[in-house]
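Reckoned from all heavy atoms, side chains included, excluding hydrogens, waters and symmetry mates. Residue indices begin at 1 and follow the sequence shown.
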Amino acid sequence: MTHLRGTKYQDLMLLKDEEVNTSDSVIINLFSHDIHSIYQAALENKTNIIQEPTIQPWNAKELTIEDPDGYIFTITESVDSNKDFDTVIDNVKGQL
């Protein structure tokens with residue numbers, strides 16, 4: 001994996017895989033301040049929910065959905081906006 005970072009929350013993660021198809025070749029990650037509303041709209045519209053809102057070790061609550069064309073979207077919301085990047089990374093390293 002290669003992790004390219006511009007500014008805060010401008011991340012591009014490149015992963016190498018032997019086989020690639022539409023459903024796993026592009027995952028679009030979007031930041032939100034109200035993941036609950038997006039989740040509720042997804043439920044109401046019978047969207048394919050891959051992962052319900054889940055708190056991750058990297059200080060994010062994430063919701064992953066699939067659009068009708070098979071593209072994957074991960075919606076991310078900060079859990080604690082007061083944590084700095086180094087603290088988050090140290091927490092992730094401790095859990096992996």
Trainee: Do E62 and Q51 touch side chain to side chain, with heavy atoms closer than 4.5 Å?
Mentor: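 When only atoms from C-beta onward are counted, Q51 and E62 do touch, with a gap below 4.5 Å.
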Trainee: Which word best sums up how the rings of H33 and F31 line up, parallel for under 30°, tilted for 30 to 60°, or perpendicular for over 60°?
Mentor: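 Judged by the thresholds at 30° and 60°, the geometry between H33 and F31 is perpendicular.
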Trainee: Using modelled atom types and a 3.5 Å cut-off, is there a donor and acceptor pairing between side-chain atoms of S37 and backbone atoms of I35?
Mentor: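 No, the answer is negative, given that no donor and acceptor are paired below the 3.5 Å cut-off.
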Trainee: To the nearest 0.5 Å, what is the distance between CG on L63 and CZ on F73?
Mentor: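 Interatomic distance, L63 CG to F73 CZ, rounded to 0.5 Å: 12.0 Å.
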Trainee: Kindly write out the residues that satisfy side-chain contact (heavy atoms from CB on, under 4.5 Å) with N82, not counting sequence neighbours, or none if the list is empty.
Mentor: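 By the side-chain contact (heavy atoms from CB on, under 4.5 Å) rule, N82 matches D80.
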Trainee: With sequence neighbours excluded, tell me which residues meet side chain to side chain donor-acceptor pair (under 3.5 Å) with E77.
Mentor: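 None.
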Trainee: In the structure I gave you, are the side-chain heavy atoms of I65 and D67 within less than 4.5 Å of one another anywhere?
Mentor: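 The answer is no, as the side chains (C-beta and beyond) never meet within the 4.5 Å cut-off.
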Trainee: Do I72 and I50 touch side chain to side chain, with heavy atoms closer than 4.5 Å?
Mentor: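 A side-chain contact exists here, since the closest heavy-atom pair is under 4.5 Å.
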Trainee: When you compare the side chain of T74 with that of L30, does any pair of heavy atoms fall below 4.5 Å?
Mentor: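 Not touching, per the 4.5 Å side-chain cut-off.
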Trainee: Nearest heavy-atom pair of V79 and A60: which atoms, and what distance?
Mentor: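 Heavy-atom minimum between the residues: CG2-C, 3.6 Å.
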Trainee: For residues L43 and I49, determine if any side-chain heavy atom of one lies less than 4.5 Å from a side-chain heavy atom of the other.
Mentor: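 Yes; the side chains approach each other to less than 4.5 Å.
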Trainee: Quick one: OH on Y39 to OG1 on T47, what's the gap to the nearest 0.5 Å?
Mentor: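 Rounded to the nearest 0.5 Å, the OH-OG1 separation comes to 11.0 Å.
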Trainee: At what distance, to the nearest 0.5 angstrom, does CD1 of I38 lie from OG of S32?
Mentor: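 Going from the CD1 atom of I38 to the OG atom of S32 covers 3.5 Å.
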Trainee: Kindly indicate whether the side chain of Y71, heavy atoms from C-beta on, has any atom under 4.5 Å from the side chain of E66.
Mentor: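 Sidechains of E66 and Y71: no contact.
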